[in-house]
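The chains referred to below are lettered A, B, ... by the order of the sequence lines, with proteins before strands, and numbering in each begins at 1.
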Amino acid sequence: MRGWVYTVARGAESEAWATVVPKLDQAYWAQQRELRRESAGAGSGDELRMLVYEHSLPLGAALTAAELYNDAEQGRRHAGAGIGQQERLARSIAEAQRRLAAEGVGAVADLRRASRDGAARLGSGYLGAGHQGAAATGAAETIAAGIVRLRYTEPGSAPVPEIGRRDALGEPLRQAAEAAAALLRGRALLHEEAIALLTNAGIATPGSWGWDAVLQLAALQRCSGLRLCAAVAAQEDARGWLRRLRPQHRLQCRRCGSGREQLRRTRCAACGDACAYCEACLNMGKARACGLLVLGGAVPAASSSQGAVSGASDSLGSGRGASITDALVFESSDLNRMSEARASHGVAAFGAASGAVASVAAEAAADAPLQRWGLSPAQRAATVAALAFMLERQALALSSGAAPVLSAPSPAFLAARDRASRDFLLWAVTGAGKTEMIFPLIEAALRRGGRALVATPRRDVVLELDPRIRKAFPEARVTTLYGGSPQRWERGQITLATTHQLLRFAGAFELVIVDELDAFPYHGDPMLHAAADRVCTPGGTRILLSATPPPSLQREVRKGRLAHARVPVRYHRHPLPEPAVLAVPAVRALCKERRLPRRLTTALRESLERGAQIFVFVQRIRDVGPLVALLRAAGLQAAMAGTSSKDEARTETVQAFRQRAVRLLVTTTILERGVTVPRSDVFILDADGPLFDASSLVQMAGRAGRAADDPHGRVYFCSPARSRAQHAAIRQIREMNKLAKRRGYLIADDAPQRRKK
Amino acid sequence: MSAGRWRGWLEQGSNRLLALLAPGPAACLLCGRQAAAPGPQEAQQSHVRRQPLCRGCREAIPWIEAINCYCCGRTIRCPDCVRRGGAAFVWSRSAVRYDASMRAWLAAYKYRGEERLEPLFAEMLEPVLQRMTAELLRRLETSPKRAAVVADVAGRQLPAAAIAACWDGIAYVPVSTARLRERGFNQAQRMAALLGRRYGIPVLPLLVRTRHTLKQSGKSRWSRLRDMQALFDAAPEAGERLARLRQSRAKARQGPDSPRTAWRPGPDAPHAARRPGPDASPAAWRPDAGEPSAKGQPLRLLLVDDIYTTGSTLDGCADALRRISDLPIEIYGLTWARA
Ligand SMILES: [Zn+2]
Ligand SMILES: [Zn+2]
Ligand SMILES: [Zn+2]
Ligand SMILES: [Zn+2]
């Protein structure tokens with residue numbers, strides 16, 4: 001798209017705007033002038049004047065120029081007057097062009113040249129003598145077919161009768177703008193996505209005005225804090241101390257945060273420029289430098305229990321009286337742990353006296369009819385800690401006045417501090433039953449009129465969670481989002497979403513629950529981390545769920561910088577099976593020599609004899625086939641199969657394994673999570689290999705002993721050497737078992753069982 | 001220490017540094033898997049050389065190797081062409097059959113806007129352009145001696161100069177302004193531009209779309225054809241451009257063997273008009289080069305589009321061009337896929 005940039009001045013103050021519908025802006029400001037005139041009396045000399053750059057620009061340049069102008073104006077107010085308004089605008093435009101053009105994002109030379117030409121054209125365009133002369137005499141604007149060639153609007157010289165009238169914009173347009181802005185709260189949408197959402201919500205464009213006019217008016221009136229910006233724009237890059245002194249500007253996708261490596265410049269027919277687009281988030285629509293990103297204002301902080309969802313909270317509160325009376329008995333250790341977490345939290349208010357903490361915790365207990373959810377003691381303790389954290393955050397947000405608006409630029413360190421104080425890690429071992437634990441959290445958020453989001457990495461998990469959530473909260477509006485979801489533009493009280501869908505939100509949820517943030521696709525994807533980072537409202541809480549938090553989070557936990565609660569025991573209250581270590585040569589060597597060591601075949605035979613299903617994990621896909629052949633030749637007398645991400649019949653193979661038609665399944669890490677088979681043992685070959693880190697070893701070990709009737713599955717780490725990852729994994733498992741024992745979560749007379757090998 | 005040794009060390013060091021900086025094995029453009037060189041089972045002339053593709057994606061390309069309809073280059077005998085009779089274009093060829101995987105590729109490029117696929121699409125047109133040119137040379141050749149040369153060379157690969165000499169210009173099917181603004185690019189124009197730059201054939205904006213049609217499906221074949229006829233028009237300056245092209249080509253053909261500058265894809269040549277190097281005198285490849293009058297020679301144009309469905313799009317475009325040209329003009333279709 002192409003847009004226009006202009007300034008509006010009143011006395012010494014002025015601000016710049018960019019627009020794609022200049023007609024609307026003109027009408028709007030003419031109307032503002034009329035209103036001022038009426039209130040101040042004509043001829044007060046303090047009238048609105050509009051100065052429009054007469055050529056259209058690629059929209060990104062127009063928006064950036066307006067931003068730059070306004071930034072400079074902020075500074076100028078302190079520094080005093082300098083150069084004229086006209087020249088200030090010209091400089092902003094030139095600087096905007098420079099920032100957008102100077103970068104060679106995947107650009108070939110001729111594209112760069114095209115941009116340079118653009119900049120040169122501009123430099124001469126504005127300051128040409130003809131224009132200056134016209135401006136100096138205060139020539140009136142001319143409007144032809146919606147194209148603006150307007151320079152100054154002077155008092156009493158508006159020749160267009162239409163826009164002088166107060167109702168030129170019309171009430172329907174104003175209403176549409178307000179409704180649109182309200183619907184777009186908490187959203188970060190591309191131009192066409194925003195229009196799709198508004199159309200879907202049944203809003204009609206009034207009269208001859210289109211969607212662009214509705215959005216532009218919302219931005220001009222700052223309805224609900226709505227802002228329009230370029231989807232790809234030059235952002236200040238403040239990494240490194242040197243950069244902080246002399247900030248550089250780099251192109252960045254404003255939707256997903258990707259930098260130049262993910263941007264591609266092409267000759268764009270929509271704006272006529274060498275225009276960059278983002279390849280990282282292309283699956284969600286094209287974010288480009290000349291395209292709009294519509295940023296709705298943040299969802300305002302929910303206030304107490306008189307929320308918008310009173311109907312739902314009533315139904316949730318049924319049986320509340322009973323739940324208060326049989327409220328939880330707090331183990332003192334729980335309270336201590338919570339106050340510890342809080343004291344080390346880094347935010348002053350959280351270091352409150354333990355009395356306050358206790359009262360908040362008690363409130364949490366009273367507020368949440370936890371009984372309803374049938375949690376185990378370990379689940380309950382962790383949930384209460386998370387609830388207390390959440391309530392405290394909310395109280396803090398309310399006491400500190402209105403929640404800060406997302407659009408207000410906040411220094412990076414403030415944002416980082418808020419991030420640190422906003423996250424709560426629920427570290428629950430594999431098979432702990434984490435889904436049950438999120439229900440009370442969601443309930444608490446809804447009771448306060450807030451909205452909750454559950455983000456999981458995989459689509460199948462979303463689809464599996466959907467009916468459980470709907471059943472648990474029959475009165476709540478549930479929205480389930482994934483690629484191609486029919487509910488794409490709806491907004492519920494509870495939102496279930498795959499990770500990529502988070503890109504369409506910003507500052508939208510009081511409670512965000514992020515499941516498995518250590519797993520694919522978050523793992524190593526800064527785009528998804530950035531998305532998961534900003535979906536929270538300013539006063540909201542983010543709960544991170546993981547059985548194997550990444551090392552960075554574990555470090556934060558150890559340093560006491562991250563509030564957390566551990567669930568060290570499975571729902572069936574038996575300890576986690578501790579891995580035994582078997583010295584076995586590498587798989588490649590086994591296949592080469594066509595021989596399996598006896599200690600391995602013996603262990604396999606024992607497992608088969610005790611009736612267990614056997615997972616055999618290998619590092620690489622190419623190991624699967626040869627190993628299956630080798631095992632089949634070993635005379636174990638059991639049906640065997642192999643599968644991997646490349647296996648087209650994977651679903652059927654796994655199904656056969658579940659139904660025990662296949663007893664032994666050789667696989668890669670694709671089955672590391674999610675697949676639970678009741679009575680099963682786990683053999684991890686090449687356990688010292690580089691693809692198995694401590695987390696994936698713990699996850700694979702977590703396949704064993706999941707069922708209550710066979711809680712002691714067997715786990716073997718088979719490798720020629722012991723790796724650091726193996727040690728770390730075994731230590732993690734033992735620590736959790738120890739913690740479970742100390743807290744008395746284990747079923748009596750069931751000490752962690754060790755097998756000697 | 002001698003300067004030579006220093007230089008040796010420096011070179012060694014910089015080579016090592018370069019090795020460190022060099023990217024690893026390229027990733028497949030489509031699926032991100034490791035790219036692989038074309039296998040021996042792939043036909044000699046139909047493969048993608050420059051763009052990285054993995055084995056799976058490579059093998060998924062349904063190249064059109066043998067055709068059964070002279071008119072539209074289809075793999076089966078087609079009643080469409082028989083029924084239509086005289087089309088405004090001479091004939092048309094396509095690179096691939098439009099199957100499910102090609103549909104997915106085109107969707108990624110055209111609708112999702114993955115513009116990094118552009119060079120791949122353009123490169124896929126190269127083998128078919130090679131074959132079209134060879135076919136044209138064979139058909140037009142009257143001297144048996146030169147026909148033998150042509151047949152021999154065409155069996156392997158034609159030099160770029162031969163291709164450049166054979167075609168006077170490349171036109172492309174336009175999209176409506178609204179589409180262009182929404183999508184940001186016209187896939188046919190982009191393919192044409194890359195192809196023109198590769199072979200040094202001028203690419204000309206000759207056509208405009210007069211109105212915005214709805215999706216084509218759901219209309220009867222005849223109403224579709226009727227719609228198409230009125231859908232395209234020659235661009236305002238098209239006649240002038242064609243005249244200028246005719247002049248420059250005539251001069252190039254008849255002028256003395258002037259020294260030719262080596263052709264290289266310069267950044268400043270969006271519609272590359274320079275001629276390829278002198279590995280073979282381009283004029284020698286022109287089958288009808290010996291004819292006396294420049295006026296009598298037809299202007300031979302390629303018309304590029306992404307898909308050939310019924311041929312009505314190409315027909316409409318070719319018709320619009322022929323209507324504005326008072327001199328003979330031959331138009332050949334070149335499309336990426338044949339539906
Ligand atoms: Zn992006
Ligand atoms: Zn653009
Ligand atoms: Zn591939
Ligand atoms: Zn045919």
Side-chain angles (χ1 to χ4, degrees), chain A residues 1-3 20 56 58-60 104-117 190-192 195-196 210 212 231-232 261-292 483 521 621-622 645-646 648, chain B residues 23 27-34 54-57 104 107-122 172 174-194 196-198 203 205 208-209 264-274:
Chain A
M1 278 201 285
R2 290 180 74 85
V20 290
S56 70
L59 184 60
V105 187
V108 287
D110 62 337
L111 291 183
R112 226 178 286 152
R113 199 180 51 95
S115 299
R116 264 205 312 276
D117 284 356
L190 297 181
H191 190 200
E192 60 272 18
I195 293 172
D212 289 344
V232 171
E261 301 78 18
Q262 311 283 342
L263 299 177
R264 172 176 292 267
R265 251 187 223 275
T266 56
R267 199 187 297 272
C268 170
C271 68
D273 205 2
C275 161
Y277 76 90
C278 176
E279 293 195 309
C281 60
L282 190 57
N283 274 339
M284 309 282 293
K286 204 168 200 171
R288 55 167 36 146
C290 71
L292 276 182
I621 295 171
R622 62 167 181 267
S645 58
K646 281 199 181 156
E648 263 153 34
Chain B
C28 173
L29 272 181
L30 284 144
C31 68
R33 261 177 272 218
Q34 197 179 319
C54 73
R55 177 145 309 145
C57 293
Y109 170 43
K110 190 166 150 183
Y111 301 116
R112 216 179 316 142
E114 292 187 22
E115 293 175 55
R116 72 200 155 86
L117 297 178
E118 222 155 71
L120 171 69
F121 277 74
Y172 51 84
V175 298
S176 69
T177 321
R179 273 272 180 288
L180 195 60
R181 207 164 285 157
E182 167 194 317
R183 207 173 277 159
F185 63 94
N186 170 4
Q187 64 286 350
Q189 183 266 329
R190 292 278 180 91
M191 284 189 243
L194 288 176
R197 183 183 292 193
R198 171 113 181 110
V203 177
V208 289
R209 194 175 272 248
R264 100 190 107 71
D268 51 350
H271 307 309
R274 293 193 215 153

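Contact annotation: the side chain of A:Thr266 approaches that of B:Arg190 to within less than 4.5 Å [non-hydrogen atoms, C-beta and beyond].
Interatomic distance, A:Glu279 CD to B:Arg116 CZ, rounded to the nearest 0.5 Å: 5.5 Å. How far CD of B:Glu114 is from NZ of A:Lys286: 9.0 Å, rounded to the nearest 0.5 Å.
The two residues A:Ala269 and B:Leu180 make their nearest non-hydrogen contact at CB-CG, 3.4 Å. A:Arg288 and B:Arg183 make their closest contact through NH2-O, 3.6 Å (heavy atoms, listed as atom of the first residue, atom of the second, distance). Closest approach of B:Arg181 to A:Ala270, counting heavy atoms only: O-CB, 3.1 Å.
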